[in-house]
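Just below is one structure, and these are the notes that go with it.
In this text, all values refer to a predicted model and were calculated from it rather than measured experimentally.
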Amino acid sequence: MKLEERLQWFFERKLIMLFLWEERFLNPLIPHEMSRLKTSGLLEDEETLKLMENIFPESITQLPTGMYFPVPISRALKQGNDFSTELAMRFHYDFIKVDQHQKWSMREKSIRGKVLALFESNLFYEKESKLYFVEYWSDNRWDKCYLECAITPMRALALELVQEEFKMQFNNQKNESLELHSFRMDKKERCFVRTQNYGEVLLADAPRFWLLNHLDESGSYFEFGERHFPLTFSE
């Protein structure tokens with residue numbers, strides 16, 4: 001199996017291989033990051049390739065989902081260590097979990113306060129994998145961890161129409177343009193909208209109420225002067 005196919009095989013089973021290069025963890029499933037890794041030479045190491053092609057697949061049922069770091073694992077194998085689940089887990093991150101209520105946790109422990117604020121302020125979206133991740137500077141490198149989400153972790157804190165253009169502020173302290181024909185409401189009457197760079201976003205109460213005040217009588221679209229934007233409904 002080709003390397004790209006094997007990496008995709010892992011991804012479909014919720015295992016993501018990350019490689020540290022120039023102070024950043026890179027995901028070879030992302031084309032421009034794969035290009036950088038090929039230049040680095042990290043993907044030419046025979047022990048690392050053997051680990052991903054043979055050893056990891058043989059142990060897949062014993063390995064929990066999350067992120068793994070093949071280079072230090074293969075380095076340990078070169079030093080005479082036998083591969084084991086315990087060895088793999090030394091170089092493993094659990095996914096950060098986000099539930100249907102946008103509550104964050106890791107290893108069944110709630111993430112709150114300053115840690116949550118740190119994570120939310122460094123929250124990003126990867127279009128290629130359609131995954132959210134946090135990335136922040138720690139111990140002389142950029143640390144990275146993907147999220148496993150029951151619902152988008154992105155939340156719109158403010159929404160307003162300024163000179164016929166929507167302005168939106170998110171919980172990661174960024175601003176973003178909307179896809180104006182992507183408003184939807186689920187059966188819990190939560191409102192969502194897609195953005196260009198952060199995937200789908202959940203509207204907090206204040207922007208949700210503001211938006212619903214512009215809902216037409218039929219409840220099928222929003223009215224802003226002469227402009228109409230559809231509202232779709234989902235489970």
Side-chain angles (χ1 to χ4, degrees), residues 1-30 33-34 36-38 40-99 103-116 118-120 122-124 126 128-150 153:
M1 187 178 292
K2 293 181 180 180
L3 177 59
E4 290 84 354
E5 294 174 347
R6 178 57 75 188
L7 291 167
Q8 182 63 36
W9 186 87
F10 285 133
F11 182 78
E12 291 168 358
R13 289 154 179 80
K14 298 185 178 181
L15 276 69
I16 298 176
M17 303 295 155
L18 294 180
F19 296 79
L20 181 62
W21 177 247
E22 295 181 342
E23 301 176 340
R24 258 196 165 89
F25 285 111
L26 304 181
N27 180 351
L29 282 174
I30 311 305
E33 296 189 7
M34 170 62 95
R36 292 180 63 189
L37 286 171
K38 286 182 176 178
S40 74
L42 290 175
L43 300 180
E44 296 178 1
D45 181 76
E46 291 185 3
E47 194 70 46
T48 300
L49 294 176
K50 179 182 176 183
L51 173 69
M52 292 189 291
E53 181 57 34
N54 299 318
I55 300 175
F56 257 118
E58 291 173 358
S59 305
I60 193 75
T61 58
Q62 284 80 46
L63 297 174
T65 60
M67 292 136 284
Y68 290 87
F69 305 89
V71 171
I73 297 175
S74 64
R75 189 179 299 129
L77 297 178
K78 290 177 184 177
Q79 294 172 350
N81 295 280
D82 293 327
F83 181 83
S84 63
T85 303
E86 290 74 21
L87 174 61
M89 292 301 294
R90 286 170 48 195
F91 307 100
H92 166 265
Y93 281 177
D94 281 322
F95 290 121
I96 295 171
K97 303 290 182 66
V98 179
D99 69 13
K103 301 298 184 183
W104 293 46
S105 64
M106 178 178 278
R107 298 177 185 173
E108 300 184 353
K109 293 184 178 180
S110 179
I111 299 173
R112 302 176 182 175
K114 292 182 179 179
V115 176
L116 178 59
L118 171 67
F119 285 176
E120 285 194 321
N122 292 279
L123 177 60
F124 302 92
E126 204 168 66
E128 296 88 347
S129 66
K130 298 181 180 179
L131 293 178
Y132 292 94
F133 65 93
V134 294
E135 186 177 50
Y136 57 93
W137 186 255
S138 175
D139 297 329
N140 298 315
R141 70 185 184 198
W142 291 95
D143 212 356
K144 181 175 184 177
C145 186
Y146 283 98
L147 279 61
E148 186 175 49
C149 304

Check: Sequence neighbours excluded, which residues qualify as ring-ring contact (aromatic ring centres under 6.0 Å, His included) partners of W142?
Finding: W137
Next item on the list: Test salt bridge (charged side-chain N to carboxylate O under 4.0 Å, His left out) on E135 and K144 and set out the steps.
Entry: CA-CA 4 Å; E135 186 177 50; K144 181 175 184 177; 5.3 Å; no
Next item on the list: Compare all side-chain heavy atoms of N27 with those of M67 and state whether any distance is below 4.5 angstrom.
Entry: no
Item checked: Heavy-atom side-chain contact between L77 and L87 under 4.5 Å -> yes
Notebook entry, point to check: Does the gap between the ring centers of F133 and F124 come in under 6.0 Å?
Noted result: yes
Item checked: Listed once per pair and sorted, the side chain to side chain donor-acceptor pair (under 3.5 Å) pairs that draw on residues 49-73, sequence neighbours left out -> R6-E53
Next item on the list: For F69, enumerate each residue passing the ring-ring contact (aromatic ring centres under 6.0 Å, His included) test, keeping only those at least two apart in sequence or located in another chain.
Entry: F25, Y93
Margin query: Tell me whether N81 contacts the main-chain N or O of A76 through its side chain, where contact means a donor paired with an acceptor under 3.5 Å.
Written below: yes
Note to self: Take a 6.0 Å sphere around CD of E46 and say whether it holds more than 12 heavy atoms from other residues, nucleotides or ligands.
What the structure shows: no
Notebook entry, point to check: L26 and R36: which non-hydrogen atoms are nearest, and at how many Å?
Noted result: CD2-NH1, 3.8 Å
Notebook entry, point to check: Crowded around K14 NZ? As in, over 12 foreign heavy atoms under 6.0 Å?
Noted result: no
Notebook entry, point to check: Short question: side chain of R13, backbone of W9 - any donor-acceptor pair under 3.5 Å?
Noted result: yes
Checklist line | Taking every non-hydrogen atom, the tightest pair across L29 and E4 | finding: CD2-O, 4.3 Å
Next item on the list: Specify the closest pair of heavy atoms between L147 and C145, including all atoms of both residues, with the distance to one decimal.
Entry: CD1-O, 3.7 Å
Margin query: Less than 4.5 Å apart, side chain to side chain, heavy atoms only: is that true for R90 and I73?
Written below: no
